[in-house]
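A quick write-up on the structure given underneath.
First the proteins, then the strands, lettered A, B, ... as listed; each starts at 1.
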Protein chains: 2
Amino acid sequence: MNEQAGIKPYVIGLDLGGTNSVFGIVDARGDIKATTAIKTGGYEKVEDYVKASVEALQIIIDQVGGIEKIKAMGIGAPNGNYYNGTIEFAPNLAWAHDGIVPLAKLFSDALGIPVALTNDANAAALGEMVYGVARGMKNFIVITLGTGVGSGIVVNGQLLYGHDGFAGELGHVTMVRGAEGRSCGCGRTGCLEAYCSATGVARTAREMLAKTNRSSLLREMNPEDITSLDVSIAAGKGDELAKEIYEFTGKMLGEACADFAAFSSPEAFIFFGGMVKAGDLIMEPIKRAYNDHVMTIFKGKAQFLVSGLDGASAAVLGASAIGWEIQ
Amino acid sequence: MNEQAGIKPYVIGLDLGGTNSVFGIVDARGDIKATTAIKTGGYEKVEDYVKASVEALQIIIDQVGGIEKIKAMGIGAPNGNYYNGTIEFAPNLAWAHDGIVPLAKLFSDALGIPVALTNDANAAALGEMVYGVARGMKNFIVITLGTGVGSGIVVNGQLLYGHDGFAGELGHVTMVRGAEGRSCGCGRTGCLEAYCSATGVARTAREMLAKTNRSSLLREMNPEDITSLDVSIAAGKGDELAKEIYEFTGKMLGEACADFAAFSSPEAFIFFGGMVKAGDLIMEPIKRAYNDHVMTIFKGKAQFLVSGLDGASAAVLGASAIGWEIQ
């Protein structure tokens, strides 16, 4: 960390979620020096959202010595396009749900520093590379297991953006083909996300409960209220049905990773997000299914890791990592 | 093309196949100035193979003005590892079927020029980027449809080699999961290659003929002798069953490409190899299935192209392209 005159030791990270927008000022070691937040909702126009953000930011910018200490800003946002600095048709953002919003430029104009953005899963991958378990790796895949299944793919030390900026949608490879595939939020069927997201796990629970009469702690709940956390808690208490739900989920993730290895042969698969808290319940079936299904030349080569970033601040750190990438 | 004193206007390309080894001396425009070939078999030791190669090469090297006119050599070979310059456990090569052979170093020592190698599908991708339909593209996927299904993936203008040099095995993503998947030469089941290679197409033909009593020109042949070329010829004559075989094959390729788009969002998918001669019979079902299955954000973005390289010399051109990549 260098605080000499003229050196800018900090970047701003913005974790832009559907509910909250969390800002952090971060140094090169990943220490968060100051944070603030605003509600993402409540602004019909993006200009008002940026104005409110900058007002909140100004207080923490002053705390660290002013804007001249800040190199750049990185934003992790749903439907973020790195190439254009835009948010495109994001269903959960009032000011971006039916259009293309040049958010990076708006923040850059307001703050007078360079601003870049990408989607949240890519931000998580950069966060792991800059501050986390992927330091020093040049080929790895981060898989985020949350409400959806996202991914950030790093090859040759660079994020894979593809031709249009939207590469790395591994939650939407097809795992179950044909009529029996579950419907997915993307409008298609059989996607990995439809089975292995938190909502997918809850759906698996409801299906398994409905299909048999086996006893389970999960029967004490209204089926519609079951979450992946409930399944995890029940499995932790030794509930056999709950364990099978995680077996099923991990097996599908492991088979998917075997296909991903055939694509980019990564050094590591890194799992990130709320569902990872289930620990070995989910990680062991993933590793087992991977080794059962991967091509012989890839066997035993890839590591299976859990994100090393602190959950509460991981998204802000990931977003801030984009700031360090700006040339 | 620059032939001034001190400038080296040529590279050597070696298309190393199980049967023949074909050498070409190529200029920067992709014009092949001289060619020669030896049988790949008949050498128990790799040193003897290299010695015979260099003897044959010396004649065409002299034809273009001597080794000082040659910048480098590129080799496209089965199981070629770019990172190490080695051929590893190649079942069809007597001198490499049970070990790791440092072929690039052996040629480099013998010729006194830099030598690099990669597998044949990666060589095809480089060939398209340097001389073919992918000139100017930075994100594309070449899929080779031959005895097997291979792939070369370019992202950010670079071949995707992955952590170990073996990335881009898209013939071995799993398309049919579970017990009903066809067995594949890789020892697993349900791989794309088991359905969409030339041998996969022939197998589809035998299965379809056995399953029904429908009339078909293919019934005039011994089922075991049917090749993908026979299916293509029958389809060209309007044979309905033969057309359905290509429909089935193209549909699976198109669905696979939809998954590949979720990975690297390429500008183009480029098809290469003998089966591509079937033209629209295979390309139309690919495009249709892709558009039916790809995520909305990718729809209509990727081109579906057929290799622009002359079939007979394409493999040598691809191999030579590796030579230009050496820094």
Side-chain angles (χ1 to χ4, degrees), chain A residues 79 81 88-89 137-141 151 153-178 184 186-193 251-252 255-256 258-268 292-298 301-303, chain B residues 79 81 88-89 137-141 151 153-178 184 186-193 251-252 255-256 258-268 292-298 301-303:
Chain A
N79 298 42
N81 185 323
E88 309 192 1
F89 304 99
M137 292 187 190
K138 291 200 173 302
N139 293 277
F140 65 94
I141 298 178
S151 65
I153 305 167
V154 171
V155 298
N156 298 335
Q158 302 172 316
L159 260 178
L160 205 177
Y161 288 113
H163 182 54
D164 58 354
F166 291 115
E169 284 289 354
L170 298 186
H172 299 281
V173 298
T174 303
M175 295 303 293
V176 180
R177 295 189 187 277
C184 181
C186 74
R188 295 147 67 242
T189 59
C191 296
L192 182 64
E193 174 167 300
K251 180 168 182 291
M252 191 173 285
E255 290 189 28
D259 279 350
F260 304 160
F263 205 102
S264 69
S265 188
E267 177 174 5
D292 287 349
H293 287 87
V294 78
M295 283 184 85
T296 308
I297 48 164
F298 299 122
K301 287 181 176 173
Q303 301 177 66
Chain B
N79 296 43
N81 185 323
E88 309 192 1
F89 303 98
M137 292 187 191
K138 291 200 172 303
N139 293 277
F140 65 93
I141 298 178
S151 66
I153 304 166
V154 171
V155 297
N156 298 334
Q158 303 172 316
L159 259 178
L160 206 176
Y161 289 113
H163 182 54
D164 59 354
F166 290 116
E169 285 289 354
L170 298 186
H172 299 280
V173 297
T174 304
M175 295 302 293
V176 180
R177 298 189 185 277
C184 180
C186 73
R188 296 147 66 242
T189 59
C191 296
L192 182 65
E193 174 168 298
K251 181 169 182 290
M252 191 173 285
E255 290 190 27
D259 279 352
F260 304 159
F263 206 102
S264 69
S265 188
E267 177 174 7
D292 287 349
H293 287 86
V294 78
M295 284 183 84
T296 308
I297 48 165
F298 300 122
K301 288 182 177 174
Q303 301 176 66

>> B/F140: which residues meet the ring pair (Phe, Tyr, Trp, His ring centres under 6.0 Å) condition with it, sequence neighbours left out?
In response: none
> Is it the backbone or the side chain of A/K301 that comes under 4.5 Å from a heavy atom of chain B, or both, or neither?
Replying inline: side chain
> So what's closer than 4.5 Å to chain A heavy atoms on B/I297: side chain, backbone, both or neither?
Replying inline: both
> Side chain, backbone, both or neither: which part of B/V294 has a non-hydrogen atom closer than 4.5 Å to chain A?
Replying inline: backbone
> When only pairs under 4.5 Å are counted, which of B/K138, B/H163, B/E267, B/H293 shares the most heavy-atom pairs with chain A?
Replying inline: B/H163
> If you look at every heavy atom in A/S265 and B/F166, which pair is closest and at what distance?
Replying inline: CB-C, 4.4 Å
> Of the non-hydrogen atoms in A/F263 and B/A167, which two are nearest, and what is the gap between them?
Replying inline: O-CB, 3.3 Å
> Going through the distances and angles, do A/N139 and B/Y161 end up as a side chain to side chain contact (heavy atoms under 4.5 Å, CB included)?
Replying inline: CA-CA 9 Å; A/N139 293 277; B/Y161 289 113; over 6 Å; no
>> Going by ring pair (Phe, Tyr, Trp, His ring centres under 6.0 Å), name the residues that satisfy it together with A/F260, two or more places apart in sequence or in a different chain.
In response: none
> Among A/H172, A/M137, A/R188, A/M175, which has the most heavy-atom pairs under 4.5 Å with chain B?
Replying inline: A/R188
> Applying the side-chain contact (heavy atoms from CB on, under 4.5 Å) test to A/D259, which of B/D259, B/V173, B/L192 qualifies?
Replying inline: B/V173
> Pick from B/I141, B/T296, B/N79, B/N156: which one has the most heavy-atom pairs with chain A under 4.5 Å?
Replying inline: B/N156
> Is there a side-chain contact between A/F298 and B/D164, using heavy atoms and a 4.5 Å cut-off?
Replying inline: yes
